[in-house]
Amino acid sequence: MKGIKKGGWISYKVDGIFSFLWQKRYLVLNDSYLSFYKSEKCNEEPVLSVALTSITNVSRIQLKKNCFEILRATDQKDNISPINSYFYESNSKRSIFISTRTERDLHGWLDAIFAKCPLLSGVSSPTNFTHKVHVGFDPKVGNFVGVPDSWATLLQTSEITYDDWSRNSKAVIKALQFYEDYNGFDTIPSNDNSNKSKDMKPLKTSTRYIINKRTNSIKRSVSKTLRKGKTDSILPVYQAERKPFPRSGENNNIINSTEDADIFREGKVYVSKENTANPQTNQLGKKEQQVIQHHLRRHENNVALNPRRVAPSAPAKKVHDDETKPSKQDLLELRDTDDSDEIIMKMKTVAIDVNPRPYFQMVEKAGQGASGAVYLSKRIRLPPNNDSKFLKSHCHRIVGESVAIKQIHLSKQPKKQLIMNELLVMNDSRQENIVNFLEAYIIDDEELWVIMEYMEGGCLTDILDAAAESSNGNKLSPLNESQMAYIVRETCQGLKFLHNNKIIHRDIKSDNILLNSQGLVKITDFGFCVELTEKRSKRATMVGTPYWMAPEIVNQKGYDEKVDVWSLGIMLIEMIEGEPPYLNEEPLKALYLIANNGSPKLRDPRQVSKKARQFLDACLQVDVEVRASVRELLTLNFLSLACGPDELKVALKWY
Ligand SMILES: Nc1ncnc2c1ncn2[C@@H]1O[C@H](COP(=O)(O)OP(=O)(O)OP(=O)(O)O)[C@@H](O)[C@H]1O
């Protein structure tokens, strides 16, 4: 057809009576119209033709993947074939939504439409950092120009400067894009009128980060990870943790949170009488304070980084041995919006549908996670012998053993899919460097109890928080290199197991490494785990915790299991320096630095051996092809420095 400037298959829907219908159409742009055809040949009358003179705005929206919205002036008439006119109410509805097959197509269309529509500036709003974006810095006026309002606000409150922009504008845009996708628009502060302008001055001086200090976010910010999807409704967390801590000598088993108190009132907690004599008990207040201080410190800057996207469902289906039971992929295959009943039903394929309270005696609170509290408990009875789920797991359980119980109030979890993920991965992953899942119970479809082996050493972060300050203000690691090498080696073994099973952990960091009293090291927190399949060996979803995130995630490229290797490298820096790189930067700047800076450098490389530096180098390669696999890491010399578990126990002595 003559005059065609661009053509291609898209899905579209109009904002009208049939607004739920997405239809596949061949879209054609010519000098005057944007037309939707049923076939590529364009030999029939178009289903809909929109005059380019009527288009007042085009913008990307999240309605569907690779989707944009076309807004038309309401006083314009479109050419609509009579047969299709019932789909379309020309003068009352103004939006047309178009979804393209790929991101690249989307940008092709945006550029072409912007170039052709007289009412548009000829410049599309920035939507993709891999594309030539239409945002710039105008040196004449000294302003960023063409940025959307939300970005303007973000830039204004960030520490990103004009120098950063000139050095790598693409990385700034990547960071902005990522940040906005990660947080969604509602986290942007509703500032006063001064922020309405699209053009703004770059910030040459440091500006304190102020985003998202709304009460809810602060409450959520103490969550140890940034898995806010799981924490949205767990509002008592902050209040609970801000309560005064038990003073030394007080009975630290006292139920010390609103949530705990509820449980207590309902008679759900069995407090051990012998427990008052337990020397560990008196440490609880101190331990909790340390954990919370750590959380507050870490998350002071992280407040605004709130993942919007949940861990994706596993893509391909495998044939399952047992046809009557859903496969793991089936179990994980759920929509983004959690369907509670469906998930609970699926949880029951793993969890025992029985009240476990008579089987355990609660001893003390061991920690607080985003989705619930973890209690040290004692097994006082075994469930009846006839429960197949209990018998099937080959774990050896004995009356009197200590276990950790994670209690999750399902009704309070907006993202049950993450919990389901965790349950499934734990259930399938029995390896000595993975925290051993024993069994799970579901109570009245309301509460989930996950029973795990008890890791009395707590998480690696607790040890690192004991780091002392050196005279020049740097942190001195409480671990020596052989202890670090041992922790790294054990983590590598756990990761090797996961990767061999095509599972990416996606949230490796010191918070998710637990230690026990024998000095054994195990990976935990499998909510973000995802399976790679042969069909799909790269993921594109953004999850994890930004400071530990590989650049390919921030850059929103496809990624694979090597993101865990990067995070492991960052965790080694944590062990050496007490914290991950850029922790003191405000979050948007940190994302910019991850996207732009390449491999992070040690503050003082001389403080570690060449072997440790080589190991870091192998982990922290920006080029994924060059970055080592876990298997390769295990052959590196640094790991030959590893001590035995006994030597790590020394580092646990503060307990
Ligand atoms: N098996 C365990 N043994 C001992 N302590 C544990 C165990 N699992 C967790 N904890 C403690 O409980 C705390 C919270 O653990 P949890 O896994 O719930 O944390 P989270 O990852 O922040 O939360 P969530 O998984 O709910 O998002 C940990 O920091 C740790 O101190």
Side-chain angles (χ1 to χ4, degrees), residues 186 215-241 243 255-270 306-311 313 326 331-360 362 365-375 377 389 404-427 437 439-452 525-528:
D186 56 348
T215 329
N216 279 1
S217 307
I218 293 171
K219 281 174 183 171
R220 282 184 246 148
S221 74
V222 289
S223 149
K224 190 141 140 250
T225 68
L226 291 174
R227 296 160 52 178
K228 304 278 167 44
K230 286 176 76 173
T231 66
D232 277 355
S233 65
I234 313 179
L235 298 180
V237 171
Y238 184 69
Q239 289 149 337
E241 292 192 341
K243 277 170 82 76
I255 307 303
N256 62 355
S257 78
T258 11
E259 198 174 43
D260 296 339
D262 287 346
I263 298 170
F264 190 58
R265 267 195 301 279
E266 288 163 31
K268 292 177 189 169
V269 172
Y270 301 78
N306 175 4
R308 295 275 285 188
R309 303 186 188 182
V310 294
S313 50
L331 293 171
L332 286 165
E333 202 145 314
L334 289 156
R335 291 175 292 282
D336 266 3
T337 5
D338 287 350
D339 177 334
S340 295
D341 293 343
E342 191 184 355
I343 295 188
I344 287 170
M345 189 194 78
K346 289 176 177 181
M347 276 178 182
K348 285 182 185 169
T349 63
V350 180
I352 304 168
D353 191 7
V354 120
N355 183 350
R357 290 187 183 101
Y359 310 147
F360 298 98
M362 298 297 167
K365 190 169 171 177
Q368 176 70 52
S371 55
V374 177
Y375 294 91
S377 315
K389 276 173 227 131
I405 302 185
K406 186 163 169 174
Q407 294 184 345
I408 302 166
H409 286 270
L410 291 171
S411 56
K412 293 182 186 173
Q413 308 302 320
K415 297 289 176 203
K416 297 184 191 64
Q417 178 64 44
L418 293 172
I419 295 163
M420 183 73 204
N421 242 10
E422 182 150 27
L423 206 55
L424 289 172
V425 174
M426 283 185 97
N427 190 34
F437 164 80
E439 76 251 24
Y441 298 87
I442 199 154
I443 311 166
D444 299 332
D445 292 358
E446 268 294 314
E447 241 182 285
L448 179 73
W449 283 25
V450 180
I451 320 294
M452 303 166 272
D525 208 348
F526 300 93
F528 283 165

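Only this structure's heavy atoms are used, side chains among them; waters, hydrogens and symmetry mates stay out.
- Remark: Met420 CE to Ile344 CD1 distance equals 11.0 Å, nearest 0.5 Å.
- Once rounded to the nearest 0.5 Å, the distance linking NZ of Lys365 with OH of Tyr375 reads 5.0 Å.
- With rounding to the nearest 0.5 Å, the separation of CD1 in Ile443 from CD1 in Ile352 is 11.5 Å.
- Tested against Phe437, the residues Ile451, Val350, Val425 include a single side-chain contact (heavy atoms from CB on, under 4.5 Å) partner, Val350.
- The two atoms that bring Ala440 and Leu448 nearest to each other are CB-CD1, 4.5 Å, heavy atoms only.
- Taking all atoms of both residues into account, the shortest heavy-atom contact from Ala404 to Val374 is CB-CG1, 4.0 Å.
- Asn355 is linked by a side chain to side chain donor-acceptor pair (under 3.5 Å) to nothing, counting only residues two or more places apart in sequence or in another chain.
- Here the CE-CD distance, from Met362 to Gln407, works out to 4.5 Å after rounding to the nearest 0.5 Å.
- Counting heavy atoms from C-beta outward, Ile419 and Met347 have side chains that approach closer than 4.5 Å.
- The structure places OG of Ser377 at 9.5 Å from CE of Met452, a figure rounded to the nearest 0.5 Å.
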Under the criterion side chain to side chain contact (heavy atoms under 4.5 Å, CB included), I'd like the reasoning laid out for Lys348 against Asp445: C-alpha separation, chi angles, the key distance, then a yes or no. CA-CA 9 Å; Lys348 285 182 185 169; Asp445 292 358; 2.7 Å; yes
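- With a 4.5 Å cut-off on side-chain heavy atoms, Ile343 and Leu410 do not count as touching.
- In this structure, Ile405 CD1 and Arg357 CZ are separated by 10.5 Å, a value rounded to the nearest 0.5 Å.
- Annotation: side chain of Tyr441 is in contact with side chain of Phe360 (closest heavy-atom distance under 4.5 Å).
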